[in-house]
Each structure stands twice: as C-alpha cells, then as structure tokens.
Number of protein chains: 2
Amino acid sequence: MRRRRKTEARKRTKPPGIREIAQTLGISIGTVDRALHDRPGINQTTRAKVLELAERVGYRPNLAARFLSSRKQWRVGVNLPKEIASFFDLVRDGIQDVARSFESNGVRVVHRSYPRLGEGEIEALEAALDDNIDGLVIAPGRPESLAPLMRRAVGRGIPVVCVNTDAPGIEHLATVSVDSATSGSLVGELMGRFLGGEGRVVVVTGQLSTVDHLQKLDGFRKEIAERWPSLGIAAVVEAHDDENEAYEKCRQVLATTPDLAGVYVSTANSIPVMRALDDQGLGGSVTIITTDLFPALAPLIESGRISATIYQRPWVQGQIAFQAIYKFLVEGVTPPAVNRLSPHVVMRSNLKLFLERMRSDTTEVDGGGARRSEAGTARHGSIATFADEIR
Amino acid sequence: MRRRRKTEARKRTKPPGIREIAQTLGISIGTVDRALHDRPGINQTTRAKVLELAERVGYRPNLAARFLSSRKQWRVGVNLPKEIASFFDLVRDGIQDVARSFESNGVRVVHRSYPRLGEGEIEALEAALDDNIDGLVIAPGRPESLAPLMRRAVGRGIPVVCVNTDAPGIEHLATVSVDSATSGSLVGELMGRFLGGEGRVVVVTGQLSTVDHLQKLDGFRKEIAERWPSLGIAAVVEAHDDENEAYEKCRQVLATTPDLAGVYVSTANSIPVMRALDDQGLGGSVTIITTDLFPALAPLIESGRISATIYQRPWVQGQIAFQAIYKFLVEGVTPPAVNRLSPHVVMRSNLKLFLERMRSDTTEVDGGGARRSEAGTARHGSIATFADEIR
DNA sequence: TTGAAAGCGATACCAC
DNA sequence: GTGGTATCGCTTTCAA
C-alpha cells in the first residue's frame, strides 16, 4: 500500500514537449519549433494555434535538450579594470564562479582587462564589440565617453550590465551596485552615533563628477543635516583616487581643523589619509570610517584606528551581474533594471569573517579535495568549485 | 585576416567525450561508461585504462546530455518550521528561487513544514526518510532528539544541510548559518560605541541550551569584557521565545534596573521587550539592538527607538544550502562543512533597502513582466524568476 | 565482460 | 509552408 503510494508519487506525468504539441495538432515538430521561435516560413494561423496550445498546456522547453542540440555558444564579455584589484578581482571571481556552473549550458566568459577605471575602457569595449560578444559586463568609469559604444552594443541587442557604478542616460539591461546614497547615509548614522552627535567631520572622496561619489556625499550630508544637527562637515576633499593628492590635501585640511572629530573616506583611497592623520598627530583621537576592504586595512580595523569600513560586496556584484545576463540570454527573463545591494558594515568584531574568506580566495582550487558523491564525477577533475567567497 | 581570427576563436576543439575515449582505446562507449561510474561487470584493467585516459584528456561529462538521457530525478527535501515565518519563509524562497533554475536538471524540491522549531520536526523527518528523499535541508530545533534520524539519513548517504542552527556532534554534509559568536560580539561593539562605553545592559535571549543563543551571549560577553570594561551586563533574560515570558521577565528586570542604558534582544522576540520598556517608561532613553527583521520592527527602527537590528539573511541561507546539496548531488562537489554568513547591520539609514525587497517578496511573480529575449522563450510561461530578494 | 543500439527533447537542415 | 530526420553526448538495456 505504502509502496504503491510511493510509486505513484514518482510517476508524475511527463511535462509536455514540442512532440506532444505537434501530435495533438497533427503537425510536425519542425513547425512547432518554427512557431515557438518566431522563425520565418510559417503560416500565421498555424503559428497562432501552436502558441495557444503551448500556452494552454504550460509548455516549457527542456533546457538540457536545448543546450545539447544547439551548437550555439553564448559568450559573455567581462570588461573590468585591473585596479583596484582588491575590488575588481573579486567581481571577476564572482562572475567566474557562477559561470562555471553553466559551462555545460554553452555559456562562456571572455575577460578583457584594462589598467584602471576610465583608462583603456573604450579600447576594451571596442575589442569586445569586434569580437561579437553576446552579453557584456562593464564598470563604466567615464559613462559619457563610453556612451556611443554602449549604445552600439545595446542597439545590437546585446544585454549590458553595469557593475559598481551606473551609466545614467544610457539604456542597458541592468545595473548592479551598492546603493551609494544609502552607503553615505549609513556612514552618517554611524558617525553620528559613534560621536554622540557632536563634532566636525572631514569627507574624503574621489571626484564629485562621478555619480557614485556624489551620491555617497549627498547621502552623508542628508543624514547629518536631518538627524545630527550638531555634527558639521569641516571639509570635503576631492582626491581623485590619487594617493599623493589625498595625502597632501588632507594634511592641509587637517592642519586647519584642529578640533577634528571624524573622517569619512568614501573611496578605497584611505591609506594616504591615515598617513596624513598620523603625521598630523591625530592618530588615536579621530573616529574614522572608510570604504572597501583590502589587506592593508585589516590591521587598522583590528587595532581600532578605523572604526568601521563599508564593504561593497564585489563578489556578489559579479554574481548578480552574470546571473542577470545568463537568465536573459538563456531563459529569456529580464532582470530588474536596478539592483541595489545593501552595503555591509565591517568592524573589528566581524572583520575576521571577511578575512577568512579573503584568504580562501587566494587558495588553490582543489584544496577542499572533493569527495566522491554518488554522481561519481568529481574524480575527473573538479567540475565546479563551491563558491566560498565573501557574500 | 580579422575574419579568420574570429572564426578560429569560435572553433576551439570540442571537449572530449566518452565517444572519443572509447575510440582511442578501441572499446565501446558502454564500457567507458561502466568504468567512469564504477558500474559492475567490467575488467579492472580496462577500467584503469579508461580512468587514466579520462584523467589525462581532462574528461568532463556534459551535464546537459546527462540530464537529458538520465531518467533520474533528484528530490531534495526541505524540512522547515512555519514559525517564525518572517525568517523561514525567506529561507524557503531562497531555496525555491535557485531550485527553479535547476528544474531542467532533474532536481525537485519537496517541502515539509511543521509548526515551529522543535515541534513536529521528528515526524517531518521521518516522513522525508520514508519518502526516500535524495537530499535534505533542515533546521534542527532539538538536535539531540533528532540525532537518530539524522544519522539514519547520513548513513544512507543522503546529503544533509542544516540551516540557521547547527547539529553539533552529528555528522552531516554542511551547515549554513550566521556566525552567532560574531553576531553577539558585533552587537557588543555597536553597543559599546553607541553608549560611549558606559552603562549597564540587559540581554534578552531564548534559551541558553540552544547553541546558537549561547554563542551570541558569549560573543557579546567576550566583546564587552575585552573591549568595554565600563560596560556591564545587568541581567540575562531567558524568554524561551515566548511573548508573555519575555514581557513579564523584562518588566521585573527593568523595575530593578533604573539606570539601564541598553538592551540586546538576541532572538526575534523583541516586540514584547519593547512593550515592557514602554510600560516601564524607558521608551526613549535606552539604546536597543535587536535581531532579525520583520514588518513590525520597521517603524521602531524608522523612529529610532531601535538603534539597529542584526539581519540573519534567511534568503541567502536557503540559497547556499540548496546549492550545497545540488552541487554535491549533481556535480560531485563537497561544499565546506561550515558556511558562516556575516550578519548584516540594519539601521534606520539602510532599512529602506531591506523593506523594498521585502515588499517585492510578496509581489506576484510576473510583476516584472519579462520582456522577450532573443532566446524567445519567456512568453511560454516564465521559465525562472529573477531572484530579487534580500541578500 | 563487452558491444550495439535505442532513447532523452530539443535544434537545424534538407526535401517536398 | 511544412514534414522528416540526423544530431547533440550521455544513460540504459539487451545481446552476445
């Protein structure tokens, strides 16, 4: 009796395929295929009939069969800068790790790297377009100058996903990034609470012409203005992500701000700022909140010199960006146009979780030594690694 | 010239399959298959030869072909409590969303729900085992009483993944949860900074016999002891996740702690605590940090009455748990035994990001209105939704 | 112990 | 416009 129940549960009716549709309509599978894919050479009436039936029986294509029979290879271009490596290497890893799972599905990743944000990105994008890529992940450093090429890509029907920073005014499939405004206001709130709502703060940013940087500043300003009236912004330093510029400008500002209570560094350029603080003798007394996480930052958080840093989750950004393109290409699903990740707050107490994962990041792939599962395939070279990065 | 380059790039040599292996060895693909899968009825010498060659040419099975030809259905059991819904519903969603992507790959999810943690979980697990599940996701409320059944499952070779809380002493494939100790010490650090390192704090927990709860308390204690010597713990209240108990016990404690500076609620049971604080007239003056996020908490964070809450990322927990089982079953990859997520800090400034996604969570699936992609399949019923939940 | 062949459910091409 | 069929790379079964 129980036995029978079990058997029944297993033997659910097979989902309808094009063969079933063809049969009930008394036509051939070739025609069904033409109808389902808007292929030329089919009578509109037949087409309509097929689509109606497909809809009615809830036809869903068997993707495994599709991948197997189709010779089509989707090639996804990943155009990202080399610097800042602590960030973009992890974006690449996130993409690579999820892409591996889909290799059998005919999707491959083609990387193109260039020196830094905005430096070489045009050439890289040109190369990708020349290469007839089917999908694209980019981090537009200078969206304005990239616009013509991006429009060309979009015009060709290529799904383009921006990571880390948006390309305002240029239509594209989706953007994945941390919510910059929230990032800024989050720091505002932390700063407000850490300082008991009193004191003057310096903000160090990159360049306010970059949307991302401006939004962080605005978010910070807004939070301060609305919630922490006794907190003031002593200065906003644009350091253009340059170490020397950051150091020099900060020294000047610090010299004229003896009562400094806090510093917010809204880009990854925090090391020179720390040096300037030290050289100014403000080492221990100032509450510092930074952005991003890289090895050199760890000891400073560990020692308490930096109170918190805002982690922008590069691995997850890559993961989501790739999935968006994959699902669009393969499954025909359009992702949300905007994917705003919530930034992580990293402080001394949770730092070690992030570091552990950063380490595993540089570890050899087969370190885990996959045991054999029943599937019995692991021994033939690891088929996929388990994503063990920071999420 | 350029043209030739492109063509070449496209025409990379086809990866070797069992057919190639069979050919070079002068045997049949049937034999190769037997060798690769440890199937009976094969000469050990042949077997060795096949394996050696497979290794040497870097053979990797084409999963699409495998899924297509194999009639095997993997059924993954998901045994989770109904309560607390704000948490476990999202775990289920995380599982469901990634599972959908793998439906064509012969993996299906079988849900079994029971009233609450530890209440009905034995029966549910028994049912799952009777049902001959191939993989299992559970949240062991009472690991000790679940132990025999879990061992039975593991003994049968079923990959078991625990979410939210561990099952210490019981061997299983993996555990996915927030790092409780870090969760506690993170709150300790926040509390220390928010209070300027001064004052007495009450901790409200569930039951210290639960590993998870104890670890949070320990993490909190450790952080306070090591870093915030002027911060004291006035009392630890065990409320057993019961509203009345929380309310009554808190009223008592609060009455005898007039100088209270902060409250840390380390489970989702924060509402009655808030009520007790109000009734005691301590509404505005106390710094409160809670755990988890659910609709009723939002206005309290918004208004600033709760300074921060620790979000345990249920959706991501589900996602990782399912992926661990999937990769083990299908790809033969063993995941890390322990997956400790970093808890998120949610405060007023980043709350809206979480709420936006909570809303989309209750939205109809086709709300986004998938546009057609070139793949041309979206119209036939959405093949997969884009995961839009909180990560 | 091994070989041969029939699927799996699509795509793609050729013939009518 | 439409039908038929080879094919993708593997699993599974039946014969030898």
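Remember, it's a predicted structure, so these values are computed and weren't measured experimentally. In the text below, chain A, chain B and the rest are named by the order of the sequence lines, each starting its count at 1. Atoms considered below: every heavy atom in the structure, side chains included; atoms not considered: hydrogens, waters and symmetry mates.
Counting to the nearest Å, the P atom of C:dT11 and the CG atom of A:Asn62 are 10 Å from each other. Rounded to whole Å, atom C1' of C:dG9 lies 12 Å from atom CD1 of A:Ile21. Per the geometry, NE2 belonging to B:His37 stands 17 Å off C1' belonging to C:dT2, to the nearest Å. Rounded to a whole Å, the CZ atom of A:Arg19 is 9 Å from the P atom of C:dA10. Between A:Phe67 atom CZ and C:dA12 atom P there is a gap of 13 Å when expressed in whole angstrom units. Atom CG of A:Leu68 and atom P of C:dG7 are 17 Å apart (whole Å). What separates CD of B:Gln44 from P of C:dT2 is a distance of 10 Å, to the nearest Å. Distance, B:Leu63 CG to C:dG9 P: 18 Å, rounded to whole Å.
Contacts of B:Gly17 with the nucleic acid, taken as non-hydrogen atoms under 4.0 Å apart, involve only primed sugar atoms and P, OP1 or OP2. Residue contacts shown for B:Ile42 are limited to sugar-phosphate atoms, with no base heavy atom under 4.0 Å away.
In summary, contact between chain B and DNA chain D, defined as any nucleotide atom under 4.0 Å from a heavy atom of the protein, begins and ends at D:dG9 to D:dT12 in the 5' to 3' direction.
Comparing the local axis fitted to the first five base pairs of the helix from C:dT1-D:dA16 to C:dC16-D:dG1 with the one fitted to its last five gives a bend of 50°, rounded to 10°.
Between A:Ala65 and A:Thr46, the residue anchored closer to the 5' end of DNA chain D is A:Thr46, taking for each the nucleotide with the nearest heavy atom. Comparing B:Asn43 and A:Ala64 against DNA chain C, the residue whose closest nucleotide sits nearer the 5' end is B:Asn43.
A 4.5 Å side-chain heavy-atom check between A:Val137 and A:Ile325 finds at least one atom pair inside the cut-off. Using a 4.5 Å heavy-atom threshold, the side chains of A:Val107 and A:Tyr326 count as touching. Proximity of A:Arg92 to A:Val109: side-chain heavy atoms (C-beta onward) are nowhere separated by under 4.5 Å. In this structure, the side chains of B:Val110 and B:Val78 stay at 4.5 Å or more apart for every pair of heavy atoms.
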Side chain to side chain contact (heavy atoms under 4.5 Å, CB included), that's the test. Do A:Arg108 and A:Val76 meet it? Break it down for me. CA-CA 6 Å; A:Arg108 267 165 45 226; A:Val76 176; over 6 Å; no
Test side chain to side chain contact (heavy atoms under 4.5 Å, CB included) on A:Val161 and A:His172; report intermediate values, then the result. CA-CA 7 Å; A:Val161 174; A:His172 55 286; over 6 Å; no
Go through the steps for B:Val330 and B:Trp74 under the test side chain to side chain contact (heavy atoms under 4.5 Å, CB included), then give the verdict. CA-CA 9 Å; B:Val330 172; B:Trp74 300 108; 3.8 Å; yes
Side chain to side chain contact (heavy atoms under 4.5 Å, CB included) between A:Trp315 and A:Val91, intermediate numbers included: CA-CA 5 Å; A:Trp315 195 93; A:Val91 177; over 6 Å; no
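Nearest approach of A:Arg66 to A:Pro61, heavy atoms of both residues: NH1-CB, 3.8 Å.
Among residues two or more places apart in sequence or in another chain, the salt bridge (Lys or Arg N to Asp or Glu O under 4.0 Å) test is passed with B:Glu126 by none.
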Result block: side-chain N/O donor-acceptor pairs under 3.5 angstrom for residues 149-159 of chain B, not counting sequence neighbours:
unit_1	atom_1	unit_2	atom_2	d
B:Arg151	NH1	B:Gly169	O	3.4
B:Arg156	NH1	B:Leu129	O	3.1

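Here salt bridge (charged side-chain N to carboxylate O under 4.0 Å, His left out) pairs that include residues 17-32 of chain A, with residues two or more places apart or in two chains, are A:Lys14-A:Glu20.
Only B:Ile29, B:Asp33, listed by number, bring a heavy atom of residues 24-34 of chain B to less than 4.0 angstrom from any atom of DNA chain D.
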